[in-house]
Amino acid sequence: MDYQFRAIEEKWQKYWAQNQTFKAETNSTKPKYYVLDMFPYPSGAGLHVGHPLGYIASDIFSRYKRLKGFNVLHPMGYDSFGLPAEQYAIQTGQHPAITTEANIATYRRQLDQIGFSFDWSREVRTSDAGYYKWTQWIFMQLFNSWYNLETDRAEDISTLIEKFQTAGNADVKAVCDEDVAPFMPSDWSTFSSEEKQVQLLKYRLTYLKESTVNWCPALGTVLANDEVKDGFSERGGHPVEQKKMMQWSMRISAYAERLLQGLDTIDWPEPIKEMQRNWIGKSVGASVRFSLEDLEHSTLHAPRSANYIEVFTTRVDTIFGVSFIVLAPEHELVKSLTTDAQQQDIDNYIAQTKKKSELDRMADTKTVSGAFTGSYVINPVNNEKVPIWIADYVLAGYGTGAVMGVPSGDQRDWLFATHFNLPIIQILDGQKNIDIEADATKEGRYINSGFIDNLGYKEAISYLNHWLEREGVGKAKVNYRMRDAIFGRQRYWGEPIPVYFKNGLPYLIQEEELPLVLPEIDKYLPTESGEPPLGRAEDWVPCHGESYELSTMPGWAGSSWYWYRYMDSKNDTSFASKDAIAYWKDVDLYIGGSEHATGHLLYSRFWNKFLKDLGYVNEEEPFKKLINQGMIQGRSNFVYRVVDEEGRGTNKLVSFGLRKEYKTMALHVDVNIVENEILDLEKFKVFRPEFEDAEFILENGKYICGVEVEKMSKSKFNVVNPDVLIEGYGADTLRMYEMFLGPLEQSKPWNTNGIEGVFKFLRKFWRLFHNEEWVFNVNDSIPTKAELKALHKIIKKVQDDVERFSFNTSVSSFMIAVNELTDLKCKNRQVLEDLVVVLSPYAPHICEELWELLDHTDLSNTPYPTFNPAYLEENEFAYPVSVNGKMKMNLNLSLSLDEAAVKEIVLANEQIQGYLEGKEPKKIIFVKGKIVNLVV
RNA sequence: GCUCGGAUGGUGGAACUGGUAGACACGCAGGACUUAAAAUCCUGUGCCCUCAACAGGCGUGCGGGUUCGAUUCCCGCUCCGAGUACCA
């Protein structure tokens with residue numbers, strides 16, 4: 001029988017499903033291996049050919065690991081809460097649960113026909129109440145926890161309450177809001193329970209607080225920093241503005257240092273680690289207090305609310321070079337610092353910055369602007385009077401929202417000083433040309449710097465840090481750029497936050513009340529009063545309080561712990577059993593896109609560390625090894641329509657090579673009717689009926705299309721659907737072709753042109769087991785040396801390739817192996833059996849079929865063939881010998897010779913002698929026992 | 001601006017620790033089989049000079065360097081892609 005891929009694939013997909021072939025058992029005598037894919041958001045468009053790339057790679061790896069004797073967990077599920085389903089619901093009134101269900105069905109059908117070895121019995125969906133019950137439960141644990149800096153871990157809130165009762169909050173070292181007011185144990189005992197709640201909220205790991213948020217008016221919701229790109233929402237590309245709102249946040253900043261340190265312990269691509277490091281943005285420096293100059297006659301508009309300004313700097317050593325202080329325009333002290341004389345200036349400036357959108361402010365980094373407050377501070381190191389300015393190059397959100405201006409050492413300060421005529425003081429003898437630009441060097445000795453004169457950089461930093469601390473005006477400090485993550489979304493299609501309000505304060509619902517089920521509503525828009533959609537839910541009232549929290553959780557909540565749910569997805573009493581977590585531990589291999597670097601991959605590490613602190617999980621890091629598959633871009637094809645003088649399209653289309661001779665416009669053409677850039681004219685006339693009687697100007701009788709790389713999208717007619725390719729070539733061909741396309745981690749445009757080659761290979765492979773009449777034909781002869789050599793070459797190659805995720809090179813090697821065995825007319829059972837096993841991770845269907853024809857069962861549990869290097873040994877080898885690096889000749893020599901014998905034969909060779917011109921070689925270079933070069 | 005990644009034939013790509021660059025595949029050209037087509041098989045295919053062969057020259061973005069020998073290592077640049085952006 002010819003290679004009937006359709007029948008074969010259908011047969012084995014059914015077999016795998018019925019026999020639950022890939023069901024992973026928790027506990028086994030085999031070692032565990034956990035291979036995870038980033039689960040998809042089931043969008044309405046279904047899978048295109050780029051989506052399965054990572055899944056195919058992880059599937060090959062999983063199947064390979066099974067052959068290697070591991071107990072493999074390879075699950076799949078859906079990240080099924082999210083914006084698109086809700087946007088669709090707003091437009092159509094269709095409940096998001098219904099569209100999501102339909103999309104999942106499409107995804108499942110598409111995934112199934114590729115023949116993945118997923119254990120579907122463990123499937124999860126983040127929008128299932130049985131799943132989000134535990135997302136809500138984790139939220140409750142976070143709410144009930146605080147971060148103790150002394151033990152450097154999260155602890156139950158009860159240990160904090162105990163400290164408050166016995167010692168107040170003065171000695172508590174915690175990550176908390178900046179505005180905690182000190183209180184004594186005696187105060188605590190007099191606090192009402194509501195006052196206690198208010199205090200505790202400042203310490204909880206999820207907290208409700210008035211904060212500046214990214215508000216997206218078009219989506220009607222707030223967004224986390226990683227969901228905003230260049231001032232626009234990541235989903236939909238709508239403008240985002242800053243707004244103050246009461247919002248739920250997660251205190252991820254508590255974990256900043258551990259998230260940073262942990263990166264050194266995991267095997268991830270360096271670029272992703274680097275992105276997370278940048279995102280966390282650790283800077284080591286010092287905070288310094290500049291006390292405000294006393295004003296004898298108050299000329300201030302408002303009373304002072306503090307008597308010092310705190311700045312953060314990474315260069316305390318430059319403190320003697322300070323010639324001004326700059327506050328962010330939003331800084332809370334600005335009002336109370338401004339003198340009557342400067343009031344107008346300051347008001348104008350603040351009004352001006354407010355008008356500038358966040359985008360303008362980012363785009364315009366050249367213009368220097370600012371305003372003087374009229375007030376001064378005293379520099380603690382030399383008691384000099386320093387003016388206080390405001391300027392929008394200082395950000396309220398970073399550090400203390402105030403900087404010390406050192407024009408000689410910082411370019412922005414230099415520009416500011418030059419623009420406003422402030423002094424520029426040289427502080428290091430190593431600084432050059434500071435009249436032209438700032439010089440941030442750390443080289444040289446300090447000058448004009450009082451008591452640190454003549455010190456070098458390192459001594460100056462450490463001396464000053466001690467000095468500041470001793471004088472009580474500052475101390476060494478580490479700052480992180482990473483903000484706490486905004487957690488509430490004013491949307492419907494997400495996990496309800498398990499919180500109710502009483503007298504304006506948030507309280508957790510009872511654990512027994514979980515899951516807090518998403519209520520039904522009639523419309524998916526905000527209420528008339530501007531509340532989130534959940535405000536429309538009638539009769540949705542908590543038993544103890546006045547109302548539920550109306551925000552839902554962000555998209556990343558459900559995906560921040562899902563790998564644990566797969567370990568024990570049906571568990572009703574915990575998110576996963578202790579036993580399952582102890583057995584599966586962590587993800588050994590995680591494959592997914594790099595777009596999640598500062599979102600999902602950071603939040604997951606955060607939640608994992610938190611769950612570890614509370615003792616629910618055992619590993620500090622969730623994903624031991626990470627691989628990023630490259631993005632598959634679209635590859636668009638174009639036809640060129642001739643246009644007339646006025647630029648109107650005519651009824652003529654010119655082939656790519658001749659288009660320069662005419663005035664043309666390029667039109668997208670469906671890539672599915674173009675093969676090797678040759679347009680199928682008949683199909684084109686169906687695709688574009690208006691060109692039915694168009695004139696085609698051909699070259700060599702063909703219409704050649706133009707090519708461009710663009711994003712894959714329907715509107716560009718460059719979407720290639722895997723269903724179509726599976727229909728024409730089968731899943732095994734698709735799997736191997738996706739791997740053949742290039743290195744897994746590299747982004748590349750999709751190009752179907754080469755798929756024929758892979759298809760031909762599978763047919764040759766099939767033919768290897770059959771005779772000319774397509775009758776199955778293998779024999780029990782003794783394998784020849786050549787056959788064994790071809791076999792063991794591929795056994796080793798695939799093993800090496802899979803271990804280093806170089807799947808594309810193995811596909812080529814399979815082709816070579818099959819060609820060799822075909823040439824050898826190999827029909828040997830022993831050799832062919834091993835070949836089937838080696839190929840099975842890549843092309844599982846055809847291999848299962850052949851395995852059955854070979855009278856075997858249970859291919860997925862067959863051991864991977866053992867490589868025997870003895871079969872690769874050659875009696876003779878040919879290698880090039882050169883003289884002085886110039887290629888001279890090839891010699892055939894026996895492998896058994898040692899270096900001395902090789903040397904003797906090479907030197908005795910007449911041709912070599914001729915090249916040497918009678919001289920003795922100065923040096924003889926051996927590589928792996930062979931002479932490659934003679935140096936004269 | 002900063003950080004990271006990349007550049008190899010007509011195309012996708014290979015070359016794993018410096019050792020015959022271009023494996024494998026696509027495409028193209030020619031041939032076999034066939035009434036014909038499809039399918040299959042065979043041959044050739046980096047560029048230049050040459051009718052062709054032999055032989056030779058040039059070749060891994062550009063310019064240098066280290067080395068007997070560099071796609072691979074080092075220095076300087078160009079271009080492309082990604083991330084990030086007044087972070088003090």
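Order of the sequence lines fixes the chain letters, A, B, ..., with proteins taken first and strands second; residue numbering starts at 1 for each chain. None of these values were measured; they are calculated from a predicted model.
A:E677 and A:R635 are joined by a salt bridge, as a carboxylate oxygen and a charged side-chain nitrogen come within less than 4.0 angstrom of each other.
B:G13 and B:U60 have their C1' atoms separated by 13 Å, with the value rounded to a whole Å. For B:A52 and B:G59, the C1' atoms lie 24 Å apart once the distance is rounded to whole Å. When the P atom is compared between B:G46 and B:U11, the two are found 14 Å apart, to the nearest whole Å. Across B:G22 and B:G9, the matching P atoms stand 14 Å from one another, rounded to whole Å. Look at the C1' atom in both B:U8 and B:A21: the space between them is 8 Å, to the nearest Å. With both ends at atom P, the span from B:G57 to B:A70 equals 16 Å, rounded to whole Å. As rounded to the nearest Å, B:U34 and B:A38 have C1' atoms that lie 10 Å from one another. Spacing of C1' atoms, B:G61 relative to B:U50, comes out at 30 Å, to the nearest Å.
The two residues A:P387 and A:L422 come nearest to each other via the heavy atoms CG-CD2, 4.3 Å. A:L835 approaches A:L791 most closely through the heavy-atom pair N-CD1, 3.8 Å. Here the closest heavy-atom approach between residue A:I924 and residue A:K903 is recorded as CD1-CE, 3.5 Å. The minimum heavy-atom distance linking A:T314 with A:I461 is given by the pair O-CD1, 4.5 Å.
Base pairing of B:C2: its partner is B:G83, meeting the Watson-Crick or G-U wobble criterion (both donor-acceptor distances under 3.5 Å). In a base pair of the Watson-Crick type (N1 to N3 plus N6-O4 or O6-N4) or a G-U wobble (N1-O2 and O6-N3), with each distance short of 3.5 Å, B:C41 is matched with B:G31. The partner of B:G22 is absent, by the rule that a Watson-Crick or G-U pair needs both atom distances under 3.5 Å. Base pairing analysis places B:G76 opposite B:C62; the two distances defining the Watson-Crick or G-U wobble pair are each below 3.5 Å. With a cut-off of 3.5 Å on both Watson-Crick or G-U wobble distances, the partner of B:A70 is given as none. Of the nucleotides present, none pairs with B:G9 by Watson-Crick or G-U wobble criteria with both distances under 3.5 Å. Nucleotide B:U17 is matched to nothing when pairs are restricted to Watson-Crick or G-U wobble geometry with both distances under 3.5 angstrom.
Between A:R412 and B:C87 there is a side-chain N or O to OP1 or OP2 distance below 4.0 Å. Note on A:N819: a side-chain N or O is less than 4.0 Å away from OP1 or OP2 of B:A25. Put simply, A:S283 has a side-chain N or O that comes within less than 4.0 Å of OP1 or OP2 on B:A88. The side chain of A:Q746 contributes an N or O atom lying less than 4.0 Å from OP1 or OP2 of B:G13. Close to B:G83, at under 4.0 Å from its OP1 or OP2, lies no side-chain N or O of A:N278. A sub-4.0 Å separation between OP1 or OP2 of B:U40 and a side-chain N or O of A:R763 is present. Residue A:R767 places at least one side-chain N or O under 4.0 Å from the OP1 or OP2 atom of B:C41.
Residue A:D800 is the one, among A:G397 and A:D800, whose nearest nucleotide of RNA chain B lies closer to the 5' end (criterion: closest heavy atom). RNA chain B is contacted by both A:G399 and A:W279; A:W279 maps to the nucleotide lying nearer its 5′ end (nearest heavy atom per residue).
As rounded to whole Å, 19 Å separates atom P of B:G5 from atom CE of A:M631. The CD atom of A:E274 sits 22 Å away from the P atom of B:G81 (whole-angstrom rounding). Atom-to-atom, CZ of A:F761 to P of B:A39 comes out at 20 Å; the value is rounded to the nearest Å. One interatomic measurement links the two molecules: CD of A:E772 to C1' of B:U40, which rounds to 12 Å at whole-angstrom precision. Between the P atom of B:A14 and the CG atom of A:D801 lies a distance of 11 Å, rounded to the nearest Å. Per the geometry, CD belonging to A:Q633 stands 11 Å off C1' belonging to B:A82, to the nearest Å. Rounded to a whole Å, the CG atom of A:L744 is 19 Å from the P atom of B:G12. Nucleotide B:U11 holds its C1' atom 13 Å from the CZ atom of A:F656, rounded to whole Å.
Not less than 6.0 angstrom separates the ring centroid of A:Y3 from the ring centroid of A:F765.
In this structure, CD1 on A:I319 lies 5.0 Å from CG on A:N379, to the nearest 0.5 angstrom. Remark: A:K764 NZ to A:F759 CZ distance equals 13.0 Å, nearest 0.5 Å.
A:I925 comes within 4.0 angstrom of a base, heavy atoms only. A:R635 comes within 4.0 angstrom of nothing in the nucleic acid, heavy atoms only. Using a 4.0 Å heavy-atom cutoff across all strands shown, A:K273 reaches no nucleic acid atom at all. Residue contacts for A:P749: at a heavy-atom cut-off of 4.0 Å it reaches no nucleic acid atom on any strand shown.
Nearest to the side chain of A:V394, among B:A14, B:A88, B:C24, sits B:A88. Out of B:A14, B:A88, B:C86, the shortest distance to the side chain of A:D392 is found at B:C86. Among B:C41, B:A14, B:U84, the nucleotide with an atom closest to any side-chain atom of A:N808 is B:A14. Set against B:C16, B:C41, B:C24, the side chain of A:I816 has B:C24 as its closest nucleotide. In the set B:A14, B:A25, B:C87, B:C87 carries the atom at the smallest distance from any side-chain atom of A:L395.
With hydrogens and angles disregarded, no donor-acceptor distance shorter than 3.5 Å links the side chain of A:W750 to the backbone of A:G50.
Other residues, nucleotides and ligands contribute more than 12 heavy atoms inside 6.0 Å of the CD atom of A:E270.
Anti is the conformation of B:G31, whose glycosidic angle sits further than 90° from 0.
A:Y393 does not carry A:R412 over the face of its six-membered ring by the limits of under 6.0 Å from the centre and within 45° of the normal.
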Please list each protein N or O that sits under 3.5 Å from an N or O in nucleotides 26-30 of chain B, with the distance.
from, atom 1, to, atom 2, distance (Å)
B:C26, OP1, A:K760, NZ, 3.1
B:C26, O2', A:N753, O, 3.4

